[in-house]
Asks: 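Starting off with a structure, shown below.
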Amino acid sequence: MSSIPEGWSYGPWHDGPDPLKAPADLRDALDEIGRDVMNGSSPRSALEELLRRGTRNTQGLDDLSRRLWERRREIERRHNLDGTLRDVQRLLNEALEAERHELFPNPSDDARFREAQLDALPFGTAAAVRELANYDWQSSDARQKYEEIRELLGRELLGSRFEGMKEALQQTTPEDVEAINEMLTDLNALLAAHAQGRPEVPELFEEFMAQHGEFFPENPRNVEELIDVLAQRAAAAQRMMNSMTPEQRAELMELSQQAFGSPQLAQQLSQLDAQLQSLRPGEDWYGSEQMSGEDPLGLAEGARAMSDLAELDALAEQLAQSYPGARLEDIDLDALTRQLGDEATVDARRLSELERQLRDQGLIERAPDGSLQLSPKALRQLGQTALADVLRAARGSGERDAANAGAAGELSGSSRRWEFGDTQPWDVPRTVRNAVLRTAHTGRGGVKLDVADVEIAETEHRARAAVALLVDTSWSMVQEGRWLPMKRTALALHQLISTRYRNDALQLITFGRYAGVVELPQLIGMEGTWEQGTNAHHALLLAGRHLRRHPDAQPVVLMVTDGEPTAHLEPDGMAEFSYPPEPATLRKTIFEVDRLAKLGATLTVFRLGDDPRLNAFVDLLARRSGGRVLAPDPDGLGAAVVGDYLRTRRKL
């Protein structure tokens, strides 16, 4: 028994998303896409809907988008943009109070004169700060508060343009201010050289970064990346200014002249903004936001909030996937992590992987016309699921599974696990292989058989059937919720015949105003359309042609309908519609039923709905053909159709 190494411990995973969380299930995803396609959606729309809705283990794009908009609303409702003005006003009040406290006990005329100066200060904060620029403070505390205003303005202005600058300048020295002014001068010179297209720009950039790289934690690799970083931040700062009231903007613009006690910083930043706007006109320089909360933000925090809002908007556009050529690989996962956390990023990555696997594994492919469609591989997987569901329902209603079909016939080439009551011969090679694999890991010699190892060889009779499945595609099938069960029924029957009764000839026939022979992909992708008419006459005519092409096969006709015949085919090929049905429509439909009966066809009608006229008509068809009528609910339609086919098949 191994022991845990000393110094190691085990516990719940808390560092980000669970790395062992189950990935998206491709089969489940395909089933959902198939369900939407059979309901009339295009494969592309069904795929997009799945990605928007998500899966059992993964949030969809809609949930991620909802969280983005909630975070956006939270920023707007929590904050306002007057934090710097409030801080300056507070420091100014503290400075004036300290100065008056210092002057009050002084009986001199100079003290009274200074008090008069303070009383005569302009009402506005910015004007008062400007007026005090040359005031000779008597209180050291007041002088310190006033200097804090200048330093605060400098830090806020720089922090609004350079990420992290405000935090890096908490203790500002004259040397720091000189280094910042030098950096801004060199930066403006570099951008001017770039705008002029001068060839030495790469060398100038390398020199600039070598000298001033500590101001740029983003570590841009070239001048274009440097401009991108600066322009995004400057545009955010401009949007913040646009979001203020005119009075607030005027106050801040005037206060900026006092940053670090000199207008030089504001002038350098103004020149920088102008160059960036010229170099990156595509940035949002004119937008604004409604910030209506109680939590005040300074200039640096406000610019960061504006950057967050812009990032949230970009992520929302990426998640919407509404632009031409959109792919989930377009989502900025780093930005998503910053805004919503690691779990959201894991979900987005899983959705992207799901989309990629659906394409890479050939489950969705391009049709000749460029549209997306389900591939044959996808249809087979959907068919397996549909058939399994139908067979479970059939067993639940008393029908036998098809496992014993053809037990006394020839080998079909497939096998399955033995179940109690099976009489088929053993598949010896597969049985021995199972036993070897089961016992190999024990390390003991010899192989012992167990009942769980036994596989039996499936067989099939060689008697053939020609099967025509006639499905009603009139609008009432869509309106009454019978469209999807009809398609799943056709899918299950097609899967059963193509895998277990390969010699049988199945033809799918749809009938609305007209009837037509369709392939399975056409039926699965068919959309419900408003069209009057239930042309059973045309469908039975096509079924007869199919049966006559296979004279050596047992003829089987299965009809699914929810309405009495209301249309028939005229000799010129045009459909004649009438409701209530004309006598000619009923007469022609019954005539085709009689012709099928002469071919020996077994006709089963699956009646959906309880219309008395429909009941009477399908009963008449059953009597004329020697067939029968079944009335399943939509959920039981597949089990009824497959069960009736197997019942007929066993008779062969």
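By convention here, the first residue in the shown sequence is residue 1. Everything numeric in this text was worked out from a predicted model, so none of it was measured.
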Asks: Go through the structure and list residues passing salt bridge (charged side-chain N to carboxylate O under 4.0 Å, His left out) with Glu576, not counting sequence neighbours.
Replies: none

Asks: To the closest 0.5 Å, what do you measure between OG1 (Thr489) and CG (Leu469)?
Replies: 8.0 Å

Asks: List the atom of Leu333, the atom of Thr345, and the distance in Å for their closest heavy-atom pair.
Replies: O-OG1, 3.6 Å

Asks: Can you list the residues that meet the side-chain contact (heavy atoms from CB on, under 4.5 Å) rule with Asp572, with sequence neighbours excluded?
Replies: Glu570, Met574

Asks: Salt bridge or not between Asp644 and Arg628? Use side-chain N to carboxylate O under 4.0 Å.
Replies: yes

Asks: With sequence neighbours left out, what residues match Asp332 under salt bridge (charged side-chain N to carboxylate O under 4.0 Å, His left out)?
Replies: none

Asks: Can you name the side chain to side chain donor-acceptor pair (under 3.5 Å) partners of Asp313, sequence neighbours left out?
Replies: Arg72

Asks: Can you find a pair of side-chain heavy atoms, one from Ile590 and one from Leu621, that are under 4.5 Å apart?
Replies: yes

Asks: For Asp610, which residues count as a side-chain contact (heavy atoms from CB on, under 4.5 Å) partner, sequence neighbours excluded?
Replies: Arg607

Asks: Of all heavy-atom pairs between Leu449 and Ala435, which one has the smallest distance, and what is that distance?
Replies: CD2-CB, 3.6 Å

Asks: For Ala601, give me all partners under side-chain contact (heavy atoms from CB on, under 4.5 Å), at least two apart in sequence or on another chain.
Replies: Leu547, Pro555, Val557, Leu596

Asks: Taking atom CD of Gln479 as the centre, report whether more than 12 heavy atoms of other residues, nucleotides or ligands fall under 6.0 Å from it.
Replies: yes

Asks: Sequence neighbours left out, what pairs pass ring pair (Phe, Tyr, Trp, His ring centres under 6.0 Å) with at least one residue falling in residues 568-596?
Replies: none

Asks: Just how far is it from atom CZ of Arg482 to atom CG of Asp635, taken to the nearest 0.5 Å?
Replies: 12.0 Å

Asks: Using side chain to side chain contact (heavy atoms under 4.5 Å, CB included), reason through Thr585 and Glu564 one step at a time and then give a plain yes or no.
Replies: CA-CA 10 Å; Thr585 299; Glu564 60 182 322; over 6 Å; no

Asks: If you look at every heavy atom in Ala348 and Leu336, which pair is closest and at what distance?
Replies: CB-CD2, 3.6 Å

Asks: Got a sec, which residues hit side-chain contact (heavy atoms from CB on, under 4.5 Å) with Asp619, two or more places apart in sequence or on another chain?
Replies: Arg623, Val629

Asks: Looking at every non-hydrogen atom in both residues, tell me the closest pair between Leu319 and Leu68 and how far apart they are.
Replies: CD1-CD1, 3.3 Å

Asks: Supply the atom-to-atom distance Arg67 CZ to Gln339 CD, rounded to the nearest 0.5 angstrom.
Replies: 11.0 Å

Asks: Tell me every residue that passes salt bridge (charged side-chain N to carboxylate O under 4.0 Å, His left out) with Arg66, counting only those two or more places apart in sequence or in another chain.
Replies: Asp63, Glu70

Asks: Would a distance-only check, ignoring hydrogens and angles, find a side-chain to backbone donor-acceptor pair under 3.5 Å from Asn434 to Asp453?
Replies: yes

Asks: Listing request: all salt bridge (Lys or Arg N to Asp or Glu O under 4.0 Å) pairs with a residue in residues 537-552, at least two apart in sequence or in separate chains.
Replies: Arg464-Asp552

Asks: With a 3.5 Å cut-off and sequence neighbours excluded, list the donor-acceptor pairs that the side chains of residues 505-517 form with protein atoms.
Replies:
{"from": "Arg513", "atom 1": "NE", "to": "Gln532", "atom 2": "O", "distance (Å)": "2.6"}
{"from": "Arg513", "atom 1": "NH2", "to": "Gln532", "atom 2": "O", "distance (Å)": "3.3"}
{"from": "Tyr514", "atom 1": "OH", "to": "Ala575", "atom 2": "N", "distance (Å)": "3.1"}

Asks: Determine whether a donor-acceptor pair (N or O, by modelled atom type, separation under 3.5 Å) exists between the side chain of Thr566 and the backbone of Thr534.
Replies: yes

Asks: Which pair of non-hydrogen atoms, one from Asn535 and one from Ala567, has the smallest distance, and what is that distance?
Replies: OD1-O, 3.2 Å

Asks: Check salt bridge (charged side-chain N to carboxylate O under 4.0 Å, His left out) between Asp62 and all other residues, then give those that pass, not counting sequence neighbours.
Replies: none

